[in-house]
Amino acid sequence: MIPRLKPTLGWGELAAAWTPAGAADVERFEGGFAELMGQRHAIAFPYGRTGLMLLLEALGLKDREVICPAYTCVVVAHAIVLSGNRPVFVDCAAEGFNMDLDQAEAAITDHTGALIATSLFGYPVDLDRLDGIRRRNPGLVVVQDCAHSFAAEWQGRPVQRAGDAAFFGLNISKLITSVFGGMVTTDNADVAGRLRAVRGQRLHPPGWDKGWRRRLYLTAVYPAFSGPIYGTVNRLERLGLLDRFVKYYDDAAIDMPADHLEAMTGVEARVGGRQLRRYHGLIGHRREIAALYDRILGGIPSLRLPPLIEGATYSHYVPCTADREAILEHALSEGVQLGRLIEYSVPELTAYQQVAVGGAFPNAGRLAASTLNLPLHVGPRDARRVAGVVARAVAP
Ligand SMILES: *Cc1c(COP(=O)(O)O)cnc(C)c1O
């Protein structure tokens with residue numbers, strides 16, 4: 001079976017994980033990450049969401065409104081709430097996946113503390129328009145959510161540098177991984193210093209067993225994503241037996257994982273350090289496969305293909321369709337697993353009914369019901385097979 005996602009891991013990562021590791025490895029990983037992103041400072045966290053939560057704390061934001069997309073990963077809203085602030089949700093633009101920046105600007109009030117700009121699915125946020133907003137609102141803190149995009153570029157300008165700070169997710173579903181983990185980058189020495197201080201106060205050192213648990217988890221990932229075994233993994237997942245590992249949110253709860261304040265381990269940092277070397281190759285590969293899907297699937301009327309944009313990093317390749325569930329089922333019957341990320345609009349989730357500030361989110365709702373993800377980790381041959389399956393599923 002072809003899985004919907006698969007981390008690119010080789011012997012190097014496995015060897016790195018099983019070598020003795022410590023806090024110095026985390027510092028080394030931070031240095032390498034900062035260099036790859038072209039930024040002065042990088043600060044590691046156990047999750048991206050922990051990084052965002054502590055960043056908002058370090059910036060002194062409390063009881064403020066934080067503007068963020070309605071259509072994004074729910075953990076972003078959780079981090080805002082759990083930092084003691086309120087999310088103000090903004091719908092996506094009619095075209096593309098990112099937040100409508102006109103609506104975001106209209107949502108700025110005296111209570112606004114920060115704006116989170118997300119380059120969803122690797123599509124760079126429009127930095128020209130964001131510059132305009134920053135010019136007109138000089139006190140506004142801008143945080144780039146680069147969990148999907150990493151160093152995506154808007155007309156040659158990397159998104160991660162266009163704000164006060166940026167944060168990244170590094171779990172195994174992200175572009176590169178440190179098993180679990182997250183990172184915050186900034187060019188501002190003052191922000192970096194304050195964030196390091198807050199991290200020192202709020203995180204506790206990893207327990208003696210965390211590195212071992214991460215080693216075992218990573219080692220299990222290798223066979224789990226291999227073709228023959230993945231069929232079984234998929235069946236277990238459909239039965240709900242893997243929820244502990246794959247379910248990342250509860251519709252009715254605003255919470256964080258139990259270990260969200262336990263610092264990144266040296267083991268994870270070593271794996272992440274190895275992955276940094278793969279970054280450019282992996283992005284190049286994803287661009288190539290996205291272009292291939294675009295060529296083969298163009299012209300199917302009931303599929304709205306995602307745009308091909310220079311500078312996009314394609315964390316996901318996301319056609320939209322009204323027949324999503326039927327296509328997913330058909331593809332599975334042909335041995336291809338497709339995804340449906342992101343299948344909710346955050347303000348519509350039960351947990352956010354009471355919390356949500358803001359109006360209507362029709363574009364987010366439309367995407368939530370219609371996005372399909374095609375695998376980008378595959379080579380050209382498997383990509384052609386996937387595209388064939390999708391084409392048949394649309395017109396069986
Ligand atoms: C994955 C992700 C994050 C951070 O996730 P963590 O699991 O906390 O590392 C943030 N924003 C988006 C859009 C994401 O997909």
Side-chain angles (χ1 to χ4, degrees), residues 37 39-41 43 48-49 51-73 75-93 96-120 123-149 152-155 157-168 183-195 198 346-347 355-359 361 364:
M37 291 298 131
Q39 299 214 252
R40 295 214 179 86
H41 309 275
I43 300 135
R49 69 196 87 171
L52 173 60
M53 181 176 78
L54 298 191
L55 173 67
L56 296 174
E57 289 184 26
L59 292 167
L61 298 175
K62 181 99 193 155
D63 291 325
R64 304 293 292 272
E65 294 179 355
V66 176
I67 296 169
C68 70
Y71 192 62
T72 188
C73 184
V75 306
V76 173
H78 290 355
I80 294 169
V81 172
L82 296 173
S83 71
N85 294 287
R86 262 165 305 148
V88 174
F89 296 106
V90 172
D91 201 10
C92 334
F97 304 107
N98 289 336
M99 178 167 75
D100 182 326
L101 288 177
D102 291 334
Q103 285 185 45
E105 182 164 16
I108 297 173
T109 69
D110 292 343
H111 306 293
T112 306
L115 180 149
I116 297 182
T118 309
S119 294
L120 204 71
Y123 286 98
V125 65
D126 181 336
L127 295 187
D128 294 322
R129 291 170 70 188
L130 190 63
D131 284 348
I133 295 176
R134 297 183 76 195
R135 234 180 293 115
R136 291 184 288 275
N137 300 274
L140 180 73
V141 169
V142 171
V143 177
Q144 294 283 348
D145 178 350
C146 296
H148 283 180
S149 60
E153 291 181 355
W154 174 260
Q155 297 179 352
R157 285 173 62 197
V159 290
Q160 72 275 18
R161 300 196 62 184
D164 297 278
F167 69 99
F168 303 77
M183 200 68 88
V184 173
T185 58
T186 179
D187 290 320
N188 184 321
D190 178 48
V191 170
R194 280 191 276 165
L195 183 55
V198 168
V346 180
V355 183
V357 187
F361 313 98

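Source: prediction; values computed, not measured.
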Below 4.5 Å, heavy atoms only, C-beta onward: do [X] and [Y] meet side chain to side chain?
X    : Y    : value
H41  : L195 : no
I43  : L54  : no
V125 : L101 : yes
R157 : D131 : yes

*What residues, two or more places apart in sequence or in another chain, satisfy ring pair (Phe, Tyr, Trp, His ring centres under 6.0 Å) together with F167?*
none

*Residues forming a ring pair (Phe, Tyr, Trp, His ring centres under 6.0 Å) with H78, sequence neighbours excluded*: Y352

Looking at [X] and [Y], what are the two nearest heavy atoms and their distance?
X    : Y    : answer
T186 : D164 : OG1-O, 2.8 Å
P69  : T118 : CG-OG1, 3.4 Å
P87  : I80  : N-CG2, 3.6 Å
V346 : A77  : CG1-CB, 3.8 Å
L120 : N98  : N-OD1, 2.8 Å
A107 : T112 : O-OG1, 3.8 Å

Please list, chain by chain and in numerical order, all residues satisfying side-chain contact (heavy atoms from CB on, under 4.5 Å) with [X], sequence neighbours excluded.
X    : answer
C92  : Y71, N363, A364, L367
D190 : N188, R194
E153 : P158
D187 : Q39, R40, R161

About how many Å separate [atom2] of [Y] and [atom1] of [X], when rounded to the nearest 0.5 Å?
X    : Y    : atom1 : atom2 : answer
S119 : Q160 : OG    : CD    : 9.0 Å
L82  : M53  : CG    : CE    : 6.5 Å
M99  : D126 : CE    : CG    : 11.5 Å

[X]: what forms a side-chain hydrogen bond (donor to acceptor under 3.5 Å, both in side chains) with it, not counting sequence neighbours?
X    : answer
D102 : R129
D128 : W154
N85  : S83

*R135: what forms a salt bridge (Lys or Arg N to Asp or Glu O under 4.0 Å) with it, not counting sequence neighbours?*
none

*How are the rings of F89 and F361 set relative to one another: parallel (under 30°), tilted (30 to 60°) or perpendicular (over 60°)?*
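Geometry flag for F361 against F89: perpendicular rings.
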
*For the pair V88 and H111, evaluate side chain to side chain contact (heavy atoms under 4.5 Å, CB included) and give the outcome as yes or no after the intermediate values.*
CA-CA 11 Å; V88 174; H111 306 293; over 6 Å; no

*Check for a donor-acceptor pair, side chain of S149 on one end and backbone N or O of Y123 on the other, with a separation under 3.5 Å.*
no

*I would like to know whether N137 and L115 meet side chain to side chain contact (heavy atoms under 4.5 Å, CB included); could you show each step before the answer?*
CA-CA 11 Å; N137 300 274; L115 180 149; over 6 Å; no

Report all side-chain donor-acceptor pairs from residues 140-147 shorter than 3.5 Å, counting only partners two or more places apart or in another chain.
residue: Q144; atom: NE2; partner: A162; partner atom: O; Å: 2.9
residue: D145; atom: OD1; partner: A147; partner atom: N; Å: 3.0

*Would you please test L52 and L56 for side chain to side chain contact (heavy atoms under 4.5 Å, CB included) and show each step?*
CA-CA 6 Å; L52 173 60; L56 296 174; 4.1 Å; yes

